[in-house]
Amino acid sequence: MNVVTRFAPSPTGFLHIGGARTALFNWLFAKHYDGRYLLRIEDTDRKRSTQEAIDAIINGLEWLNLMPDEQPIYQSENTERQSQIVSELLANGKAYKCYCSPDELLTMREKARAAGKTRLYDGTWRDRDPTDAPKDIQPVIRFRAPIKGETVNQDLVQGSVTVSNSQLDDMVLLRADGSPTYMLSVVVDDHDMGVTHAIRGDDHLTNSFRQIQLFHAIGWAPPQYAHIPLIHGPDGTKLSKRHGALGIDSYREMGFLPEALLSYLLRLGWSHGNEEIIPLDKAIDWFDINDVGRGAARIDFDKLSYINSQYIQEKDDETLLELIKDPIEQKIGFSLDKKSMKRLKSGIHSVKSRVKIIPELIDNVKFYVQKRPLTLNKKALKVLNNDARHRLAQLADTLQELSSWSEASIEKAIKDFVNKNEINLKQIALPFRAALTGTTVSPGIFEVANVLGQQETIARLKDITHI
RNA sequence: GCCCCCAUAGUCUAGCGGCCUAGGACGCCACCCUUUCAAGGUGGAGAUCGCGGGUUCGAAUCCCGCUGGGGGUACCA
């Protein structure tokens with residue numbers, strides 16, 4: 001089978017986390033079956049679609065590395081073809097003109113709802129003589145939906161889902177201004193694009209019945225549908241802006257890596273035995289749509305952060321350095337010279353296993369490049385009591401005399417210093433760290449001193465002892 | 001209101017009639033490592049498998065009802 005999938009967002013807002021997962025599943029499914037993965041912008045609602053939203057979607061997909069195999073398709077560019085299909089339906093009686101006014105429709109709906117009905121349009125113009133048509137009203141075109149029988153969607157995720165045709169009313173295909181509605185456009189475009197598998201959010205599940213009916217009426221075979229569950233907020237309710245209904249760009253700003261986000265999203269609703277962190281090539285190998293769960297999942301930032309920390313640890317130092325260079329310059333307020341870059345590069349290595357998100361990496365590594373004298377935080381200040389300062393002054397002299405500067409030689413010097421003064425390591429290591437980093441948290445202090453260099457280390461010590 | 005979907009620890013999930021005294025992961029706790037904080041390692045607490053009925057020798061797994069959650073109900077997508 002020649003698999004074709006599509007991600008079909010409407011450009012009325014940003015690309016959110018649910019959309020990203022839908023794109024991912026479509027992408028994986030296509031890759032798994034060696035098929036094509038396409039992008040279609042559903043912009044049939046011209047009033048609500050914006051260029052900003054289109055850009056946000058494209059940028060988000062680019063960042064996530066989920067760009068389509070072919071140029072994006074804009075639904076609004078196919079209106080001619082979509083309308084032509086309606087003319088055919090009109091010609092063979094499978095669609096008809098409806099002259100109801102919006103007000104009429106409204107009261108009709110209220111009446112139907114009050115009567116406990118689902119079919120909200122009563123079919124007023126379904127069989128009415130067209131010569132009754134009022135002259136001053138532009139009609140909409142409605143689909144003449146089957147009344148008897150039932151429509152079945154053999155959903156790849158939800159299983160067999162059936163609805164009685166008596167529940168579905170005659171949907172609008174063409175608006176009064178002649179523009180196609182979403183229901184029409186999806187059907188025509190999915191067919192024309194050769195879509196074999198439509199993987200989309202659960203919110204479309206009930207739409208699938210109408211679309212299947214339309215496919216049959218036109219004489220086309222519908223694609224296989226797969227309705228994946230929606231993502232909920234941490235409290236189990238609908239995702240809101242407070243939660244995580246954020247644009248993908250926000251996740252980027254929060255310091256998540258795209259591959260980590262993808263990895264997290266993959267395991268949200270899909271699983272492969274007890275596998276947790278799954279490399280992309282394995283994901284392609286293992287992914288199949290019927291392994292997707294049917295219940296909605298909540299977004300969990302703790303787990304996302306954990307996954308992210310794992311990916312940060314895997315990243316090589318150069319890539320990480322590239323990632324933090326600009327933000328760190330912004331943070332410290334001056335641009336990094338060659339020496340600072342070198343320090344950062346060696347410093348990153350052991351810091352990366354201590355952080356979960358990129359901003360943390362920046363915070364934990366920035367002391368390497370900050371200008372002297374360092375600002376000491378409260379805890380560091382507390383560690384640097386008179387005793388400590390006195391010892392650091394002595395240590396500075398000792399270190400001054402070191403002819404070779406390496407982690408090993410520094411360690412030896414300090415351990416000798418500890419023995420000579422009959423103190424324990426903590427008594428000098430902690431103040432040493434405070435003086436060198438301005439904080440009480442950092443990688444091993446021998447490493448820090450080594451990366452800083454002899455000159456800078458001693459200078460930072462003297463900054464403290466001279467106060 | 002009506003239609004449709006879902007339901008295993010706080011969270012993500014494994015499980016597809018006996019292998020389950022329900023497994024893994026995040027989070028939480030403890031210990032080890034240790035100059036701090038992480039990472040890493042080891043161990044632990046945490047689930048009457050939403051509830052109630054069936055079917056069966058046997059059910060988390062199949063069926064029905066209930067409850068709870070979600071989605072849809074537009075000349076939005």
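In what follows, chains are A, B, ... by sequence order, proteins preceding strands, each numbered from 1. Keep in mind that what you see is a predicted model, and the values were worked out from it rather than measured.
Close to B/C75, at under 4.0 Å from its OP1 or OP2, lies a side-chain N or O of A/Arg109. The side chain of A/Arg113 contributes an N or O atom lying less than 4.0 Å from OP1 or OP2 of B/A74. In this model, the phosphate group of B/A14 is approached by a side-chain N or O of A/Ser271 to a distance below 4.0 Å at OP1 or OP2. The side chain of A/Thr44 contributes an N or O atom lying less than 4.0 Å from OP1 or OP2 of B/A77. Regarding contacts with the backbone of B/C75, a side-chain N or O of A/Arg142 is found under 4.0 angstrom from either OP1 or OP2. Close to B/G27, at under 4.0 Å from its OP1 or OP2, lies a side-chain N or O of A/Lys356.
To the nearest whole angstrom, the two C1' atoms, one in B/A60 and one in B/A47, are 11 Å apart. Rounded to a whole angstrom, the distance from the P atom of B/U8 to that of B/C51 is 11 Å. Nucleotides B/G1 and B/C64 are separated by 23 Å at their P atoms, to the nearest Å. B/U13 and B/G68 have their P atoms separated by 23 Å, given to the nearest Å. Atom C1' of B/C29 sits at a distance of 7 Å from the matching atom of B/A45, rounded to the whole Å.
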Extract from the structure each pairing of a protein N or O with an N or O of nucleotides 40-44 of chain B at less than 3.5 Å, listing the distance.
from: B/G40; atom 1: OP1; to: A/Gln310; atom 2: NE2; distance (Å): 3.3

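Within the structure, salt bridge (charged side-chain N to carboxylate O under 4.0 Å, His left out) contacts touching residues 287-304 of chain A (residues at least two apart or in different chains) are A/Glu276-A/Lys303.
As judged by a 4.0 angstrom heavy-atom cut-off over every strand, A/Lys117 is placed among the base-contacting residues. The residue A/Leu230 sits close only to the backbone: its heavy atoms come under 4.0 Å of sugar-phosphate atoms, none of a base. The residue A/Arg298 sits close only to the backbone: its heavy atoms come under 4.0 Å of sugar-phosphate atoms, none of a base. At the heavy-atom level, A/Met183 lies under 4.0 Å from base atoms of the strands shown.
Both A/Ser101 and A/Thr162 lie close to RNA chain B; mapped to their nearest nucleotides by heavy-atom distance, the more 5′-ward contact belongs to A/Thr162. With RNA chain B read from its 5' end, the first of the two nearest nucleotides for A/Ala296 and A/Glu275 is the one closest to A/Ala296.
The pair A/Lys117-A/Asp122 fails the salt-bridge criterion, with no side-chain N (NZ, NE, NH1 or NH2) lying under 4.0 Å from an Asp/Glu carboxylate O. Salt-bridge annotation for A/Glu456 and A/Arg343: present, with a side-chain N of the basic residue lying under 4.0 Å from a carboxylate O of the acidic one.
Contact of the A/Arg433 side chain with the A/Val383 side chain is not registered, since no non-hydrogen atoms from C-beta on lie closer than 4.5 Å.
For A/Val161, whose side chain is taken as the heavy atoms from C-beta onward, the closest listed nucleotide among B/C3, B/C5, B/G71 is B/C5. Checking B/A77, B/C4, B/A74 against the side-chain heavy atoms of A/Ser10 singles out B/A77 as nearest.
Taking each heavy atom of A/Glu259 and A/Tyr311 in turn, the nearest pair found is CG-CD2, 3.6 Å. Across every non-hydrogen atom of A/Pro180 and A/Leu174, the tightest pair is CA-CD1, 3.7 Å. Closest approach of A/Ala226 and A/Leu156 over heavy atoms only: CB-CB, 3.8 Å.
In this structure, A/His204 places its NE2 atom where more than 12 heavy-atom neighbours from other residues, nucleotides or ligands lie under 6.0 Å away.
You won't find any donor-acceptor pair under 3.5 Å spanning the side chain of A/Arg294 and the base of B/C5, going by distance alone. Evaluation of atom-type donor-acceptor distances gives a pair under 3.5 Å for the side chain of A/Arg433 against the base of B/U35. With hydrogens and angles left out, the side chain of A/Asn274 and the base of B/G23 share a donor-acceptor pair within 3.5 Å. Evaluation of atom-type donor-acceptor distances gives a pair under 3.5 Å for the side chain of A/Asn207 against the base of B/A77.
For A/Leu120, the side chain to side chain contact (heavy atoms under 4.5 Å, CB included) criterion is met by A/Arg109, A/Ala112, A/Arg113, A/Asp169, not counting sequence neighbours.
Both geometric conditions, a ring-centre gap below 5.5 Å and a plane tilt below 30°, are not fulfilled together for A/His232 over the base of B/G69.
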